There are 2 protein chains.
Amino acid sequence: MKEIPASGMLKKERHAYIINQINLHNKVLSSDLSLLLKVSEDTVRRDLNELSEKGKLLKVHGGALSKSFHFPYEQIDIYAQESKREIAKKAISLISEGMIVLTGGGTTMLEMARLIPDNLKATIFTISPLVALELAEREFLTVILVGGQLNKNSQVIMGSKTVRELSEIRVDLCFLGANGIDINEGITDSDWEVVQVKKAMIKSAARTVIMCIGEKLNSAQKMKVCSFNEIDFLITDLKSSNHKVQEYRGQVKVL
Amino acid sequence: MKEIPASGMLKKERHAYIINQINLHNKVLSSDLSLLLKVSEDTVRRDLNELSEKGKLLKVHGGALSKSFHFPYEQIDIYAQESKREIAKKAISLISEGMIVLTGGGTTMLEMARLIPDNLKATIFTISPLVALELAEREFLTVILVGGQLNKNSQVIMGSKTVRELSEIRVDLCFLGANGIDINEGITDSDWEVVQVKKAMIKSAARTVIMCIGEKLNSAQKMKVCSFNEIDFLITDLKSSNHKVQEYRGQVKVL
DNA sequence: GTTTATTTTGCAGGTTTTTGCGTATCTTAA
DNA sequence: TTAAGATACGCAAAAACCTGCAAAATAAAC
């Protein structure tokens with residue numbers, strides 16, 4: 001994302017420039033504008049406030065947003081956000097430079113996407129448009145969306161087209177959320193289509209990571225995705241000393 | 001950009017000179033003009049105020065801006081928002097029940113997605129995750145995202161994978177935005193990858209609709225997407241009586 | 001060509017705008 | 001809870017601005 005730095009601009013010009021940036025990217029950061037326009041952040045803030053009063057944009061902490069546009073992921077409240085962030089951080093530590101990764105959807109995955117550092121070089125396949133859009137801002141990431149039908153509830157891509165596409169790729173690491181995890185049943189889910197996609201994802205990955213908040217442990221759904229021998233890591237927010245965690249130690253590597 | 005300093009100019013001459021500068025650079029600084037015209041800044045200011053009152057330019061603190069040239073920005077948001085909505089509405093009227101539709105990305109397309117009624121039954125293929133997410137809320141729509149690499153700037157999916165996937169589908173109607181439209185050059189764009197995807201989209205569609213705000217008419221970019229005989233409709237926000245529109249009537253059906 | 005009237009210009013002084021920097025306060029993320 | 005980052009506020013310097021005025025330039029009249 002390279003913008004042409006501007007110099008010696010009149011106030012009106014700066015304002016116009018800012019509006020333009022907003023139209024292009026739907027948001028601006030005060031810090032970016034300061035560099036781009038070569039004025040202090042104070043001046044940028046004053047500009048943004050003026051434009052905001054004129055109703056041209058929506059001033060927010062750190063910058064401004066387009067008034068007519070809302071990022072879909074900004075309005076999502078995440079349940080158990082702290083836990084999910086914990087999980088996300090552990091998950092990210094598994095990704096090393098140059099890896100090819102595949103991710104599912106869900107809020108945990110979205111949280112993970114948000115926490116992925118700007119300087120990570122990797123290729124990310126995903127079935128979640130939200131994850132893809134979040135990652136699109138990372139300069140060194142190659143983001144590839146798997147094609148297929150968008151599921152209305154889960155906002156991830158699934159269906160036969162997706163399964164077929166997944167069968168054609170090979171990745172190093174696959175990150176999946178889980179609806180149910182049980183020591184006997186393995187990984188389970190309630191939706192048949194979801195199960196098909198997850199199976200396909202696991203199949204195309206050298207190693208699979210299941211990410212799951214502690215409360216979902218020891219709960220089973222109707223359909224089986226896979227058993228523990230098909231997955232390589234289980235990441236939860238629970239401490240390793242937790243008794244729930246201990247049960248799974250024999251079956252899978254728990255982080 | 002070196003200007004020829006002028007000396008001993010009459011007021012009228014200075015005014016002409018200033019207007020000329022404005023036409024060339026879209027802005028002038030009082031300080032620059034003072035040096036260039038070898039008169040005091042006060043005189044320059046008086047000149048600018050006079051020209052401003054005559055409506056020849058827009059006086060601002062520090063100099064003046066062109067009036068006729070509305071920046072590629074400035075108010076374009078509000079103004080173009082309306083335009084794009086107009087276009088979007090016309091476009092939607094082309095979709096009938098049960099159709100299979102393919103859409104590109106861009107703000108016009110997003111506006112269109114927002115305006116698609118809740119009760120429309122159709123299948124929508126798209127290369128824009130944003131459009132897909134917007135449409136995911138429509139109960140009777142089947143939304144399918146084409147797979148491929150997510151472009152960071154445009155936030156649409158493109159690349160060879162996308163082109164290949166597009167070659168495997170057949171749709172009734174394809175909606176595309178245009179970067180440049182010119183009566184001789186046809187539809188043009190500035191990015192090679194974009195051109196490849198657009199070509200593939202047009203190829204897989206029985207009929208193609210180009211959506212484009214009036215301003216972009218009669219502007220050409222480096223790369224050619226297609227000529228007018230490959231597209232079926234051109235939708236703009238201009239009235240059908242507009243002379244710009246008339247020119248295209250012979251080549252394509254203009255809405 | 002000279003004189004007179006008119007316009008234009010530059011300057012001095014005071015006012016306003018704009019901007020950047022410190023400082024204190026607030027937000028956000030970990 | 002803490003620390004880093006973003007923000008608001010006040011201030012001061014610089015730049016731009018305006019007003020009035022007298023000198024200079026131009027135009028008009030004689």
Side-chain angles (χ1 to χ4, degrees), chain A residues 6-18 27-54 57-65 71 73-93 107-108 110-118 134 137-138 213 235 237 239, chain B residues 6-18 27-54 57-65:
Chain A
S7 65
M9 272 193 172
L10 299 168
K11 196 169 78 154
K12 261 258 161 80
E13 286 185 285
R14 281 202 316 266
H15 286 191
Y17 188 95
I18 291 170
K27 77 168 175 185
V28 287
L29 301 181
S30 306
S31 50
D32 285 354
L33 285 176
S34 173
L35 293 173
L36 236 37
L37 298 170
K38 289 176 181 155
V39 291
S40 72
E41 288 199 30
D42 293 76
T43 302
V44 169
R45 263 189 288 279
R46 275 186 281 248
D47 285 344
L48 293 180
N49 282 330
E50 276 182 54
L51 290 168
S52 171
E53 278 176 30
K54 283 186 197 159
L57 47 74
L58 184 69
K59 178 85 186 67
V60 295
H61 194 95
L65 299 173
F71 279 94
Y73 48 83
E74 276 180 9
Q75 59 194 6
I76 296 174
D77 310 299
I78 296 182
Y79 168 73
Q81 183 152 24
E82 268 313 309
S83 306
K84 288 176 180 173
R85 205 169 283 169
E86 294 262 329
I87 295 171
K89 275 189 272 186
K90 292 182 192 171
I92 289 171
S93 70
T107 47
T108 309
L110 194 53
E111 204 54 43
M112 177 173 157
R114 288 192 188 145
L115 295 177
I116 285 183
D118 280 324
E134 173 64 34
E137 295 174 14
R138 305 292 189 285
I213 57 174
I235 303 183
D237 57 315
K239 296 213 174 78
Chain B
S7 65
M9 271 191 172
L10 263 22
K11 194 166 77 151
K12 269 262 164 81
E13 293 180 273
R14 281 202 316 270
H15 285 195
Y17 188 93
I18 291 170
K27 78 162 174 181
V28 287
L29 301 181
S30 307
S31 51
D32 285 354
L33 285 177
S34 173
L35 294 173
L36 235 36
L37 298 170
K38 288 176 180 156
V39 291
S40 72
E41 289 200 30
D42 293 81
T43 302
V44 170
R45 262 190 290 278
R46 273 186 284 249
D47 285 344
L48 293 180
N49 282 330
E50 277 183 54
L51 289 168
S52 172
E53 278 177 33
K54 282 187 198 159
L57 47 74
L58 184 70
K59 178 81 186 72
V60 296
H61 194 96
L65 299 171

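Chain letters run A, B, ... following the sequence lines, proteins first and then strands; every chain starts at 1. Only a predicted model underlies this, so the values are computations on that prediction, with no experimental measurement involved.
In this structure, CG on A:L35 lies 9.5 Å from CG on A:L37, to the nearest 0.5 angstrom. Considering NE2 of B:H15 and CG of B:D47, their distance stands at 3.5 Å, rounded to 0.5 Å. Here A:E134 contributes atom CD and A:E111 contributes atom CD; the two are 9.0 Å apart, rounded to the nearest 0.5 Å. Atoms NZ and CG, from A:K38 and A:L33 in turn, are 14.0 Å apart once rounded to the nearest 0.5 Å.
Checking the phosphate oxygens (OP1, OP2) of C:dT9, no side-chain nitrogen or oxygen of B:T43 falls inside 4.0 Å. Considering only side-chain N and O atoms, A:K11 lies under 4.0 angstrom from the phosphate OP1 or OP2 of C:dT18. Contact between the side-chain N/O atoms of B:R45 and the OP1/OP2 oxygens of D:dA15 is not found at any separation under 4.0 Å. At the phosphate of D:dC17, OP1 or OP2 sits under 4.0 Å from a side-chain N or O atom of B:S30.
Within 4.0 Å (heavy atoms only), A:N49 reaches sugar-phosphate atoms of the nucleic acid but no base atom. Residue A:L10 is out of contact with every strand shown, counting any heavy-atom pair closer than 4.0 Å.
If you measure from atom CG of B:L48 to atom C1' of C:dT9, you get 15 Å, rounded to the nearest angstrom. To the nearest angstrom, P of C:dG20 lies 13 Å from CG of A:L35. For the pair A:K12 NZ and D:dA16 P, the computed distance is 18 Å after rounding to whole Å. Residue B:E41 contributes atom CD, which lies 15 Å from atom C1' of C:dA12 at whole-angstrom precision. The CG-C1' distance, from A:D237 to C:dA30, rounds to 16 Å in whole Å. Across the protein-nucleic acid pair, B:D47 atom CG and C:dG10 atom C1' stand 13 Å apart, rounded to whole Å. Taking atom CG of residue A:L33 and atom C1' of nucleotide D:dT7, one finds them 16 Å apart after rounding to whole Å. The nearest whole Å value for the distance from the CG atom in B:L29 to the P atom in D:dA16 is 8 Å.
The two residues B:V60 and A:K12 have their closest heavy-atom pair at CG1-CG, 3.9 Å. Residues A:P117 and A:I92 approach most closely at CD-CG2, 4.2 Å, considering heavy atoms. Taking each heavy atom of B:A64 and B:L48 in turn, the nearest pair found is CB-CD2, 4.1 Å. The shortest non-hydrogen separation linking A:R14 to A:T43 is NH2-CG2, 3.5 Å. Of all the heavy atoms in A:L115 and A:R138, the pair that sits closest is N-NH2, 4.3 Å.
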Item to complete: Could you walk me through whether A:V28 and A:L57 pass side chain to side chain contact (heavy atoms under 4.5 Å, CB included), step by step?
Response: CA-CA 10 Å; A:V28 287; A:L57 47 74; 5.5 Å; no
Kindly give the atom pairs (protein nitrogen or oxygen, nucleotide nitrogen or oxygen) under 3.5 Å for nucleotides 21-24 of chain C.
residue : atom : partner : partner atom : Å
C:dC21  : N4   : A:D42   : OD2          : 3.2

Please enumerate all protein N or O atoms sitting under 3.5 Å from an N or O of nucleotides 12-14 of chain D, with distances to 0.1 Å.
none

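The residue among A:K89 and A:V44 whose nearest nucleotide of DNA chain C lies closer to the 5′ end is A:V44. Along DNA chain C, the nucleotide closest to B:R14 and the one closest to A:L115 are compared, and the more 5′ of them pairs with B:R14.
Side-chain contact check for A:S31 and A:S34: no donor-acceptor pair (N or O, by modelled atom type) lies under 3.5 Å.
Less than 4.0 Å separates DNA chain C from at least one heavy atom of each of the following residues of residues 57-64 of chain B: B:H61.
For A:E50 and A:R46, the salt-bridge test fails: no basic side-chain N is under 4.0 Å from an acidic carboxylate O.
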